[in-house]
Amino acid sequence: MIDDLLPATVSCADTTVDDVPADALFPEEASLLRTSVPKRRREFTSVRVCARLAMADLGLPPVPVLPGPRGEPGWPEGIVGSMTHCAGYRAAAVARSSDVRALGIDAEPHAPLPENVLESIALPSEHRRVLDAAERGGGTGPIHWDRLLFSAKESVYKAWYPLMRTRLDFEDADIEFDWTPGPTTSGVFHARLLRTAPGAPTAFDGRWLVRDRLALTAVIVTAAA
């Protein structure tokens, strides 16, 4: 599903099951899971299987994908990418850095955020827009704009961090969905970045999709941008 949000220069792989071989991990990866609970092991393993399938589509050999200081995946030289996992879905997307400067993907269960979470992740302007969109309706069935906002913020962070190597908090991006009245299950969004730093991007554009009880978002910055 995530490939519907990304251009042909990005290679994607996803899965809805965790049926992976026992030897799917490299020793360096497996060593990170010695004390992990089964759920964490399944997520970690299946999303890396997706990552290696996506890299294979680019003609790359299988390599370990180890987490960095902030949990970001470590890709081979000349490759950018992003991974995501939630209940019932895993995905990875990769591209050559000659085509794409930054990439972020996220998947979430398409359901309302838990109580009080919206207030903790949304700027006042975003909060108003989410409530307004919910009141006006739209979508084929209810669209949970609060969950989409959370997912979009995650995709923005995943695109930002490899570029800047600094933290981007929830309040550092003001996200606005291009909401059009009428039945829809997909669209675009714009993220105005409020964190200032030398060479920092000022905005990201992204796309969103609701399908099969999932909310998916993606941000891509092309090398020409």
Side-chain angles (χ1 to χ4, degrees), residues 1-7 10-20 37-51 53-54 71 73 81-94 103-122 126-127 129-159 170 173 175-191 204-220:
M1 282 185 287
I2 200 70
D3 59 328
D4 288 343
L5 299 179
L6 296 165
V10 179
S11 176
C12 307
D14 61 5
T15 183
T16 58
V17 298
D18 286 330
D19 184 16
V20 295
V37 298
K39 177 177 181 292
R40 168 63 175 160
R41 295 180 67 88
R42 291 194 299 269
E43 291 173 346
F44 185 99
T45 303
S46 55
V47 79
R48 277 159 176 77
V49 170
C50 289
L53 289 172
S82 183
M83 301 191 299
T84 186
H85 52 75
C86 69
Y89 189 71
R90 322 279 189 242
V94 296
L103 174 62
I105 64 171
D106 187 68
E108 302 288 336
H110 184 232
L113 287 174
E115 188 176 359
N116 298 324
V117 172
L118 179 62
E119 290 77 6
S120 68
I121 63 114
E126 295 171 321
H127 198 170
R129 289 193 292 264
V130 164
L131 294 179
D132 184 51
E135 288 174 0
R136 288 186 294 171
T140 303
I143 297 293
H144 299 297
W145 297 102
D146 56 344
R147 184 70 71 164
L148 277 171
L149 177 65
F150 180 87
S151 181
K153 296 240 179 187
E154 289 291 308
S155 286
V156 164
Y157 176 79
K158 291 176 182 180
F170 285 120
I175 293 175
E176 185 167 7
F177 292 92
D178 184 8
W179 186 84
T180 302
T184 182
T185 55
S186 63
V188 298
F189 62 89
H190 179 77
F204 286 152
D205 289 314
R207 300 178 64 195
W208 64 269
L209 171 68
V210 170
R211 183 185 296 165
D212 295 341
R213 299 184 297 279
L214 293 170
L216 302 110
T217 59
V219 168
I220 184 168

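Side-chain contact between L118 and L149 is present, with heavy atoms from C-beta onward closer than 4.5 Å. Considering only heavy atoms from C-beta on, M83 comes within 4.5 Å of R48 through its side chain. Annotation: side chain of E154 is not in contact with side chain of T84 (no heavy-atom distance under 4.5 Å). In this structure the side chain of L216 reaches within 4.5 angstrom of the side chain of Y89, judged on heavy atoms.
In terms of heavy-atom proximity, G104 sits nearest to S82 at CA-OG, 3.6 Å. Across A93 and L103, no two heavy atoms sit closer than the pair O-CD2, 3.4 Å. Nearest heavy-atom pair across A191 and V156 is CB-CG2, 3.7 Å. Scanning all heavy atoms of the two residues, the minimum distance from L5 to A218 falls at CB-CB, 3.9 Å. V219 approaches A159 most closely through the heavy-atom pair CG1-CB, 3.8 Å. Across A107 and C86, no two heavy atoms sit closer than the pair O-CB, 3.6 Å.
In this structure, CH2 on W145 lies 11.5 Å from CZ on F189, to the nearest 0.5 angstrom. The line from NE2 of H127 to CG of D132 is 12.0 Å long, rounded to the nearest 0.5 Å. Rounding to the nearest 0.5 Å places CG of L113 at 10.0 Å from NE2 of H144. To the nearest 0.5 Å, atoms CD1 (I105) and CD1 (I2) are separated by 5.0 Å. For the atom pair M1 CE and D212 CG, the distance stands at 5.0 Å (nearest 0.5 Å). The line from CG of L209 to OG1 of T217 is 10.0 Å long, rounded to the nearest 0.5 Å.
Inspection of the S151 and D106 side chains reveals an N or O donor paired with an N or O acceptor under 3.5 Å.
D178 places no side-chain N or O within donor-acceptor distance of the main-chain N or O of V188, the cut-off being under 3.5 Å. Counting only distance, with no hydrogens or angles, the side chain of K153 and the backbone of A122 share no donor-acceptor pair below 3.5 Å. Remark: the backbone N or O of A54 is paired with a side-chain donor or acceptor of S11 at under 3.5 angstrom. Remark: side-chain polar atoms of E126 are paired, donor with acceptor, to backbone N or O of I175 under 3.5 angstrom. With S155 contributing its side chain and A152 its backbone, the two residues share no donor-acceptor pair below 3.5 Å. In this structure, R147 contributes its side chain and H110 its backbone to no donor-acceptor pair below 3.5 Å.
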*Steps toward side chain to side chain contact (heavy atoms under 4.5 Å, CB included) verdict (D146, V117)*: CA-CA 9 Å; D146 56 344; V117 172; over 6 Å; no
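Y157 is linked by a side-chain contact (heavy atoms from CB on, under 4.5 Å) to R70, Y161, L168, counting only residues two or more places apart in sequence or in another chain. Every side chain to side chain donor-acceptor pair (under 3.5 Å) that R129 has, sequence neighbours left out, goes to D174.
Remark: of the listed residues D14, T15, T16, D18, D18 is the sole one forming a side-chain hydrogen bond (donor to acceptor under 3.5 Å, both in side chains) with R90.
Aromatic ring pairs are classed by plane angle as parallel below 30°, tilted from 30° to 60° and perpendicular above 60°; the pair F170 and F150 is tilted.
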